[in-house]
Amino acid sequence: MRVGIFDSGMGGLSVLHQARRELPEAEFIYYADEEHVPYGEKTGEQIRGYIDEIIRFMLDKQVDAIVIACNTATSVATKEYRSRFPVPIIGMEPAVKQAVEVYGHLPGRILVAATPVTIAGDKLHHLLEQVDREDRVDLVALPGLVRFAERGDFHTEAITEYLRNELKDYSPENYKAFVLGCTHFNYFKAYYKRIFSDKVQLVDGNAGTIRQLMRKLGIKKGTDAVEKGSRGRIQYYFSGRPVTKEEEKRIGTYIEQLDIVE
Ligand code: DGL
């Protein structure tokens with residue numbers, strides 16, 4: 001079993017992290033589009049161009065399925081668009097439905113954070129029409145977190161300052177749940193706990209995305225998923241080229257951070 005996972009950059013490593021936990025036998029190809037990150041500040045047309053190229057790349061590598069480990073890319077790549085390709089393509093959207101279903105009965109509001117493209121996109125607004133009939137969900141764009149994450153900047157006072165400033169109109173104490181609607185935001189889980197009340201529930205879509213991948217591939221948890229590819233192997237690419245040794249070390253620092261926060 002060979003699975004392709006891609007993101008604009010390093011955020012999707014959090015999805016790969018979850019996938020390896022559930023599918024330790026599978027082989028993975030991880031593609032970070034480091035030449036074009038951040039997607040969250042590009043146009044839909046530009047992003048669809050990048051996605052087309054990455055999907056072609058993955059198909060050349062004979063993957064069995066592709067995970068778009070990026071809410072922004074998913075928000076501009078509709079279902080119809082994804083069904084043009086010959087393997088299952090699993091997208092991600094901010095886990096608002098899960099937040100409403102699990103925490104809806106508790107007092108307080110839900111804050112969804114994502115990139116500017118995801119926040120402005122029709123996809124999220126259609127989802128809210130279905131799951132937020134009582135108007136308990138607020139939205140905020142936090143593109144600065146993508147930049148901190150891409151710099152590998154996980155421990156600086158500037159992150160707290162940025163978050164306090166961007167969230168100043170939202171009265172953090174009013175929120176019971178914070179939805180991480182961008183995979184890059186996973187690196188900063190400790191900061192949200194500090195800024196909101198420590199009772200705030202953090203909700204991300206990674207586990208749901210991997211469950212959906214397994215459903216599409218007809219794999220049950222614990223079964224041997226290897227038919228093709230090398231067991232547990234991961235190949236990393238930056239915008240279509242294999243990463244250098246130095247870049248592989250850089251990826252290692254992100255995995256270490258994920259081991260700390262997850
Ligand atoms: N990681 C991406 C997401 O989940 C987008 C980050 C970016 O490139 O702006 O939305």
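Start at 1 and go down the list; that is how both ligands and their atoms are numbered.
Tyr31 and Asp7 form no side-chain donor-acceptor contact under 3.5 Å, judged by distance and modelled atom types alone. With no hydrogens or angles considered, a side-chain donor-acceptor pair links Asp33 and Tyr39 at under 3.5 Å. For His17 and Asn206, the side-chain atoms include no donor-acceptor pair closer than 3.5 Å.
Of all heavy-atom pairs spanning Glu150 and Tyr254, the tightest one is O-OH, 3.1 Å.
Using a 4.0 Å heavy-atom criterion, the residues that approach ligand 1 are Asp7, Ser8, Val37, Pro38, Tyr39, Gly40, Cys70, Asn71, Thr72, Thr115, Val146, Cys182, Thr183, His184.
Glu41 meets the salt bridge (charged side-chain N to carboxylate O under 4.0 Å, His left out) test with Arg147; sequence neighbours excluded.
With hydrogens and angles disregarded, a donor-acceptor distance shorter than 3.5 Å links the side chain of Lys176 to the backbone of Tyr103.
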